[in-house]
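Taking it in order: structure first as structure tokens, then the write-up.
A, B, ... follow the sequence lines: proteins, then strands. Residue 1 opens every chain.
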Protein chains: 2
Amino acid sequence: MSPVLDDRAAQVLRLVIEDYIETAEPVGSRTLSKRMGQLSPATIRNIMADLEDSGYLAQPHTSAGRIPTAAGFRYYVDYLLERRQLLRSERDQLQRTAGAGAPLPDETIRQIGRLLSQLSGQACVVVVASPDNQKLRGIRLLRAGRDNVLLVAVMQSGWVQHRLIEDEPGLTEGDLEKIGNYLDNLATGLTLSQLRSKILQEMRHEKSRYDRVMTRALALSSRAFPDSPAGEVYVEGRANILEQPEFVEDVHNLKRILRAFEEKSVVVRLLDRVLEGGETRVSIGTENPVEELPDISVVASALQKDGSPLGSIGLVGPVRMNYSRIIPLVEFTAGMLGSINGHR
Amino acid sequence: MSPVLDDRAAQVLRLVIEDYIETAEPVGSRTLSKRMGQLSPATIRNIMADLEDSGYLAQPHTSAGRIPTAAGFRYYVDYLLERRQLLRSERDQLQRTAGAGAPLPDETIRQIGRLLSQLSGQACVVVVASPDNQKLRGIRLLRAGRDNVLLVAVMQSGWVQHRLIEDEPGLTEGDLEKIGNYLDNLATGLTLSQLRSKILQEMRHEKSRYDRVMTRALALSSRAFPDSPAGEVYVEGRANILEQPEFVEDVHNLKRILRAFEEKSVVVRLLDRVLEGGETRVSIGTENPVEELPDISVVASALQKDGSPLGSIGLVGPVRMNYSRIIPLVEFTAGMLGSINGHR
DNA sequence: GATTAGCACTCAAAACACGCGAGTGCTAAT
DNA sequence: ATTAGCACTCGCGTGTTTTGAGTGCTAATC
């Protein structure tokens with residue numbers, strides 16, 4: 001099972017895969033022979049038999065054509081794939097959608113996801129990284145009604161979070177401003193998780209120093225950030241899953257996939273690995289991080305700005321996926337979002 | 001086709017419906033005879049024939065049992081239904097979930113939707129009313145980085161909206177405060193759409209009076225509220241749709257339903273009518289406001305606080321839906337959310 | 001007069017049989 | 001090394017039969 005195939009075998013493997021991607025049907029030697037010119041069906045059959053021995057192809061049953069195995073797809077993606085350039089119109093659409101909004105408000109990122117799912121015919125998954133790892137630009141406190149306080153945190157990236165803190169009576173406007181400034185100083189430049197631990201630390205200190213206001217500030221903000229908020233998760237174009245014959249055939253599997261999409265944690269897990277890597281990553285079938293879904297593939301990429309992670313975006317579909325179109329799509333989108341946020 | 005059936009016919013209709021709700025299979029005279037005691041299959045058959053003439057039952061084909069028509073379900077819901085009390089555990093779960101958060105932050109409402117979909121086995125749809133029709137409690141402006149301004153609008157209901165306004169340089173802290181106060185005065189007590197038109201109006205005035213700051217304020221806020229933001233829309237428990245045999249059988253239809261759920265506007269339309277009514281509303285089959293989906297039912301209710309609409313929540317499923325469980329579920333939830341927000 | 005037992009009839013769905021044809025593997029000729 | 005030829009396999013679609021749940025009607029019964 002050498003990792004490298006001779007030219008002809010590679011060619012055959014490629015054609016099998018490309019045909020299979022289009023038709024979702026096992027492909028036979030006759031079809032290939034026509035498409036390759038040169039070789040006769042019989043020869044092709046021999047080559048295919050070899051490829052089957054090597055584990056790149058498989059037969060659903062005797063007397064059927066061959067279909068690529070996961071290993072086959074892997075080989076294809078690693079060595080054979082020719083990336084198809086994006087169409088000008090695709091690039092334009094993506095850029096227009098991305099450019100329309102402020103630096104990445106929810107709605108924009110969502111629309112990009114939707115567009116991407118349309119262009120690719122797959123489901124699109126976006127995870128906006130938990131703001132825990134983004135640096136804060138500042139914190140403000142606002143009065144919101146008599147007993148409530150609104151805490152607004154702005155991230156360096158332009159992302160905004162707010163928390164409504166209930167039942168915090170007896171604070172004057174002055175108090176609020178003091179507390180706000182104190183927190184703002186404390187927070188600026190830190191990430192949320194750093195802030196959280198800093199707050200705990202300070203709380204011990206301040207108690208002893210007996211500064212009412214500061215203690216109050218800390219108590220308040222620890223109520224606002226009790227725990228790391230999971231990042232936002234969007235799934236767009238779920239219905240595309242239904243366009244895939246291999247999924248529709250088996251309703252049971254279909255259910256599993258759609259259920260999985262409802263589970264935030266699963267979606268996050270799906271894109272997990274990509275966050276570290278930086279590169280666009282292709283997980284084929286069982287390679288993907290969610291063992292419950294052994295027959296889907298994920299093409300995903302991290303979104304980042306100035307090297308700090310903003311989240312990740314991925315296209316999810318059947319193993320039989322048009323990688324040569326989809327990989328460039330994801331890459332371009334990730335690059336684009338990265339550079340859009342790149343300005344300061 | 002008199003709207004009122006004699007006791008025995010009503011009884012039969014009820015049993016047919018209840019059996020059909022459970023099994024999704026046509027129900028025959030034998031089964032009913034057993035369940036009713038008393039009457040023999042032959043008698044039941046006669047009654048059923050009558051009910052068919054009246055349009056409440058139908059036969060998929062000769063030699064099959066009967067299934068209820070939409071009219072049959074309508075009659076059932078209007079006259080025959082016995083609401084099943086919620087279990088204590090269901091009430092507890094709902095209240096716990098609702099109580100956990102601040103007054104209705106997104107995440108809480110989402111979780112309620114999810115829980116509701118779980119309890120009901122249907123898909124749950126929540127539309128948070130566009131804030132256009134909610135009264136504002138106040139507006140604040142915040143500096144967010146050098147060139148950007150963050151506008152935070154707090155609604156009476158506790159709902160918070162924020163907009164990041166880019167590229168608004170050259171405003172001092174003082175300016176910002178003045179502008180903020182001015183806007184706050186202008187806005188408090190108005191709804192967003194009222195504010196929008198008021199702003200347009202004021203803009204014409206102020207221009208002539210040549211007050212730089214105010215003009216600035218108005219320009220700024222008209223950038224922040226360029227158009228009515230559609231309310232947030234959540235769909236939870238989509239996968240439950242796949243649990244319904246009548247949907248799974250026909251993949252084509254399934255696609256249509258799931259596609260519809262991706263379309264924000266369709267979801268909104270689904271709950272449209274309920275907003276005015278106030279009452280919990282049941283739309284059976286073709287009665288629902290979305291003609292593209294003639295074979296789903298919606299049980300929906302408005303969410304409101306102090307009489308002003310906050311949004312609406314609905315359970316969506318097949319016409320063959322367990323109304324006697326689902327109607328109380330929706331009603332209870334709507335009531336609960338209403339009263340939670342009721343405190344000032 | 002309402003109810004019921006009995007019976008012939010209907011029809012969808014399951015079970016079975018069967019031929020077609022795409023596709024294979026092998027062998028022998030090129 | 002390639003290819004033509006051929007026998008063989010087996011899934012799929014088609015047509016046929018069987019089965020059984022359920023009906024409508026009629027005549028007997030309470």
Side-chain angles (χ1 to χ4, degrees), chain A residues 5-13 15-20 22-69 72 245-246 248-251, chain B residues 5-13 15-20 22-69 72 245-246 248-251:
Chain A
L5 298 172
D6 76 78
D7 264 16
R8 246 185 15 189
Q11 171 81 337
V12 169
L13 179 56
L15 286 181
V16 171
I17 288 184
E18 283 169 3
D19 198 279
Y20 183 68
E22 261 187 67
T23 64
E25 301 277 301
V27 359
S29 53
R30 258 185 72 84
T31 334
L32 279 200
S33 166
K34 264 185 239 158
R35 196 163 308 207
M36 293 197 50
Q38 319 292 24
L39 270 7
S40 83
T43 318
I44 307 266
R45 280 205 284 280
N46 289 328
I47 305 175
M48 283 167 112
D50 292 351
L51 285 169
E52 186 168 355
D53 289 343
S54 314
Y56 297 130
L57 293 182
Q59 274 183 300
H61 57 89
T62 3
S63 95
R66 302 299 211 293
I67 61 176
T69 62
E246 52 263 71
V248 176
E249 263 164 26
D250 172 9
V251 189
Chain B
L5 298 172
D6 77 77
D7 264 16
R8 245 183 17 186
Q11 172 81 335
V12 168
L13 180 56
L15 286 182
V16 170
I17 289 183
E18 282 168 3
D19 198 280
Y20 183 67
E22 261 187 67
T23 64
E25 301 278 301
V27 359
S29 53
R30 258 185 73 83
T31 335
L32 279 199
S33 165
K34 264 186 241 158
R35 194 164 309 207
M36 295 197 49
Q38 318 295 22
L39 270 6
S40 81
T43 318
I44 308 266
R45 280 204 285 281
N46 290 328
I47 305 176
M48 283 169 113
D50 292 350
L51 284 169
E52 187 168 355
D53 289 343
S54 313
Y56 296 130
L57 293 182
Q59 274 183 300
H61 57 88
T62 2
S63 96
R66 301 300 210 294
I67 61 176
T69 62
E246 52 263 69
V248 176
E249 262 163 27
D250 171 11
V251 190

Nucleotide of C/dG25, C/dT3, D/dG24 approaching A/Gln59 most closely (side-chain heavy atoms)
C/dG25
For the side chain of B/Thr31 and the backbone of B/Val27, is there at least one donor-acceptor N/O pair under 3.5 Å apart?
no
Does A/Ser29 make a side-chain N or O approach to OP1 or OP2 of C/dT24 shorter than 4.0 Å?
yes
Whether A/Ser33 side chain and A/Leu39 backbone form a donor-acceptor pair below 3.5 Å
yes
Applying a 3.5 Å limit to both distances, which nucleotide forms a Watson-Crick or G-U wobble pair with D/dT19?
C/dA12
Spacing between A/Asn46 atom CG and C/dG23 atom C1', to the nearest angstrom
14 Å
Would you indicate, yes or no, if D/dT3 has its OP1 or OP2 atom less than 4.0 angstrom from a side-chain nitrogen or oxygen of A/Ser40?
yes
Rounded interatomic separation in angstrom, taking CZ from A/Arg30 and C1' from C/dG25
17 Å
A/Arg45 CZ to D/dG5 P, in whole Å, measures 12 Å
Whole-Å distance separating the CG atom of A/Leu32 from the C1' atom of C/dT24:
14 Å
Does any nucleotide pair with C/dA29 by Watson-Crick or G-U wobble geometry, both distances under 3.5 Å, and what is it?
D/dT2
Please confirm whether the backbone N or O of B/Ile44 pairs with a side-chain atom of B/Ser29, one donor and one acceptor, at under 3.5 Å?
no
A/Leu51 has an atom CG; how far is it from atom P of C/dG25, in whole Å?
12 Å
Could you tell me the Watson-Crick or G-U partner of C/dG19, where both distances fall under 3.5 Å? Say none if there is no partner.
D/dC12
Student check: side-chain heavy atoms of B/Thr43 and B/Ser40 closer than 4.5 Å
yes
Reckon B/Gln38 touches a base, only the sugar-phosphate, or nothing at all at heavy-atom distances under 4.0 Å?
sugar-phosphate
Rounded to the nearest angstrom, tell me the gap between atom CG in B/Asp53 and atom P in D/dG24.
10 Å
Between A/Thr69 and A/Ala58 (side chain of the first, backbone of the second, donor and acceptor by atom type, cut-off under 3.5 Å), is there such a pair?
no
Is the distance from OP1 or OP2 of C/dG25 to the nearest side-chain N or O of A/Arg66 less than 4.0 Å?
yes
Whole angstroms only, please: what is the CD1-C1' distance between A/Ile67 and C/dA22?
16 Å
D/dT2 phosphate, OP1 or OP2, under 4.0 Å from A/Arg8 side-chain N/O:
yes
Can you tell me the distance, in whole Å, between the NE2 atom of B/His61 and the P atom of D/dG24?
13 Å
When you check the phosphate oxygens OP1 and OP2 of D/dG11, does a side-chain N or O of A/Ser63 lie under 4.0 Å from one of them?
no
